[in-house]
Amino acid sequence: MNVQDVQQAAELLRRGRLVAFPTETVYGLGADATNSAAVQRIFTAKGRPSTNPLIVHVAGEAIAQRYAAWWPAVASKLAKRFWPGPLTIVLPKTEAIVPEVTAGLETVGLRVPNHPLALRLLRAFDGPVAAPSANRSNRLSPTTARHVREELGDAVDLILDGGPCQVGIESTVLSLVEAAPVILRPGGVSKQQIEAELRVAVQIRAVHAAAEQPAHSPGQQRLHYAPRTPAFRFDGPAVAIDDAAVGYLLIEESRLMPRSSPRTVLMPNKPDEYARQLYGILRRLDTMGLDAIYVQMPPDQPQWAAVRDRLRRATRTLV
Ligand code: TXA
Ligand code: MG
């Protein structure tokens with residue numbers, strides 16, 4: 001990736017076009033967050049309901065401050081500790097961010113991504129870039145440039161290829177507009193890390209009961225990050241089923257299950273590594289024409305919160 005590509009990408013953004021770019025979490029589909037027509041193109045390209053707000057990406061804390069109506073001390077603390085990084089901070093927005101970005105909400109999610117190419121693009125563009133994950137609505141987020149091409153094809157004007165994403169699942173979305181900080185979507189920065197930094201209790205809102213509620217945080221809808229193949233989750237040890245038309249994502253080896261094969265994947269036992277591989281593996285299983293994918297859930301422990309959240313959105317319970 002050369003300097004010219006970044007300059008060209010920035011120029012496209014200035015002209016109201018769409019640019020997909022890598023971040024440490026997943027690839028984003030970017031547009032100028034101050035340009036309504038450009039932002040509308042994102043919703044069209046993704047087939048995304050216009051009630052689902054977008055995250056605004058900026059090059060640094062000083063620039064983030066320009067787009068938040070106020071910037072509390074907690075935001076500064078978090079920015080200094082976690083930016084650039086997989087944390088999105090929700091605060092009241094300024095006028096510069098057009099209403100299409102936030103689906104009419106008075107708040108905006110801001111983040112500084114930790115990827116050299118994303119940062120170069122944001123500096124070259126020198127403004128706020130609205131960017132959801134660069135996938136069709138409700139599908140798995142892309143973690144490589146090839147995934148973006150598969151998802152969006154010609155709907156995107158340019159794709160910057162920065163290799164595979166290192167975190168692999170989306171950022172933590174943290175709201176600072178309530179009495180206490182609330183995690184609206186668990187992600188690369190954990191509740192424990194935020195609490196250690198702020199020395200206050202942080203809530204995780206009960207996201208999985210939110211299916212029928214209005215889209216307060218649309219990432220909270222069920223089956224939001226899902227493969228096309230019906231996917232089911234189960235807890236505990238793997239049972240003795242083997243079906244040539246079923247794919248398996250296992251967390252522990254089992255003598256009862258088919259050995260590691262293209263359709264039986266023994267996942268890493270470390271949350272970071274699991275997250276990094278998750279979407280790519282689900283995407284691959286999704287191309288195999290399977291009847292179903294069975295997912296063995298990792299343990300219900302804090303370090304697995306973000307991975308479990310995505311698995312719960314991608315699967316139904318196996319009964
Ligand atoms: O890691 C990420 O966050 C990736 C990369 C590209 O930065 N972006 C991403 O964007 O996952 P998206 O659009 O797929 O998810 C954004 C989610 C929304 O679904 C919503 O849950 C939350 O962020 N969000 C955005 N703005 C919000 C706001 N003002 N209030 C509440 N939630 C908001
Ligand atoms: Mg998304």
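One is the number of the first residue; the rest follow in order along the sequence. Read the numbers this way: they start at 1 and go in the same order the structure lists the ligands and their atoms. Hydrogens, waters and symmetry mates are skipped; everything else that's a heavy atom, side chains included, is used.
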(message) Rounded at 0.5 Å granularity, tell me how far CZ in F21 sits from CG in L117.
(response) 9.5 Å

(message) Considering the Mg ion (ligand 2), could you give the total of protein N/O/S atoms lying closer than 2.8 Å?
(response) 1

(request) Pull out every atom of ligand 1 sitting under 4.0 Å from any heavy atom of V173, numbered as shown with elements. (result) 23 (O)

(request) Please work out which of I169, I55, L110 has its closest non-hydrogen atom nearest to atom 16 (C) of ligand 1. (result) I55

(request) Go through ligand 1 atom by atom and flag the ones less than 4.0 Å from a non-hydrogen atom of N52. (result) 18 (C), 19 (O)

(message) With a 4.5 Å cut-off on side-chain heavy-atom distances among I, L, V, M, F, W and Y, is there a chain of contacts connecting V200 to V177?
(response) no

(request) Answer yes if the side chains of Q193 and E197 hold a donor-acceptor pair under 3.5 Å, and no otherwise. (result) no

(request) Answer yes or no: is there an ion pair linking E100 with R41, defined by an N-O contact shorter than 4.0 Å? (result) no

(request) State whether the shortest distance between N or O atoms of E170 and N or O atoms of ligand 1 falls below 3.5 angstrom. (result) no

(request) Search all heavy atoms of V167 against all heavy atoms of G188 and return the closest pair with its distance. (result) CG1-CA, 4.3 Å

(request) May I ask you to list the atoms of ligand 1 that are less than 4.0 angstrom from any heavy atom of L184? (result) 31 (C), 32 (N)

(request) Check ligand 1 against G28 and write out every atom of the ligand that is under 4.0 Å from a heavy-atom position of the residue. (result) 6 (C)

(request) Evaluate the side chain to side chain donor-acceptor pair (under 3.5 Å) criterion for residues R111 and T25: first the C-alpha distance (whole Å), next the side-chain angles of each, then the deciding distance (0.1 Å), finally the verdict. (result) CA-CA 12 Å; R111 103 173 179 97; T25 59; 3.1 Å; yes

(request) Name the option, out of S171, G109, P53, that contains the heavy atom nearest to atom 33 (C) of ligand 1. (result) P53

(message) Under 3.5 Å between any N/O of T107 and any N/O of ligand 1: does that happen in this structure?
(response) yes

(message) Using a 6.0 Å cut-off, check whether atom CD of Q203 has over 12 heavy atoms from anything other than its own residue.
(response) no

(request) Using distance alone, with no hydrogens and no angle criterion, decide if R233 and T315 have a side-chain donor and acceptor under 3.5 Å apart. (result) yes

(request) From the options E170, E151, R283, R310, select the one residue that forms a side-chain hydrogen bond (donor to acceptor under 3.5 Å, both in side chains) with S141. (result) E170

(request) Just let me know how K93 lines up against ligand 1, side chain, backbone, both or neither, with a heavy-atom cut-off below 4.0 Å. (result) neither

(request) Identify, by atom number and element, the atoms of ligand 1 in contact range of S133, meaning under 4.0 Å from any of its heavy atoms. (result) 8 (N), 9 (C), 10 (O), 12 (P), 14 (O)

(request) Would you check the N or O atoms of T25, main chain and side chain alike, for any that come under 3.5 Å of an N or O of ligand 1? (result) yes

(request) Verify the cluster assignment for I204 and L87: are they in a single hydrophobic cluster under the rule of side-chain heavy atoms below 4.5 Å apart? (result) yes

(message) Out of all atoms in ligand 1, which are within 4.0 Å of some heavy atom of H57? Include the element for each.
(response) 5 (C), 6 (C), 7 (O)

(request) Using distance alone, decide if ligand 1 has a nitrogen or oxygen within less than 3.5 Å of any nitrogen or oxygen in R185. (result) yes

(request) Could you tell me whether ligand 1 has any atom less than 4.0 Å away from a heavy atom of T102? (result) no

(message) Any salt bridge linking E195 with R199? Criterion: basic side-chain nitrogen under 4.0 Å from a carboxylate oxygen.
(response) no

(request) Select the closest option to atom 10 (O) of ligand 1 among G168, P142, P132, judged by heavy-atom distance. (result) P132

(request) Mark yes when over 12 heavy atoms from residues, nucleotides or ligands other than E95 sit less than 6.0 Å from its CD; otherwise mark no. (result) no

(message) If we check side-chain contact (heavy atoms from CB on, under 4.5 Å) with V90, which of these qualifies: L176, V173, L110?
(response) V173

(request) Only counting residues at least two apart or in another chain, list the ones meeting side chain to side chain donor-acceptor pair (under 3.5 Å) with R139. (result) none

(message) For ligand 1 and R48, I'd like to know whether there is a polar contact (N/O to N/O, distance under 3.5 Å).
(response) yes

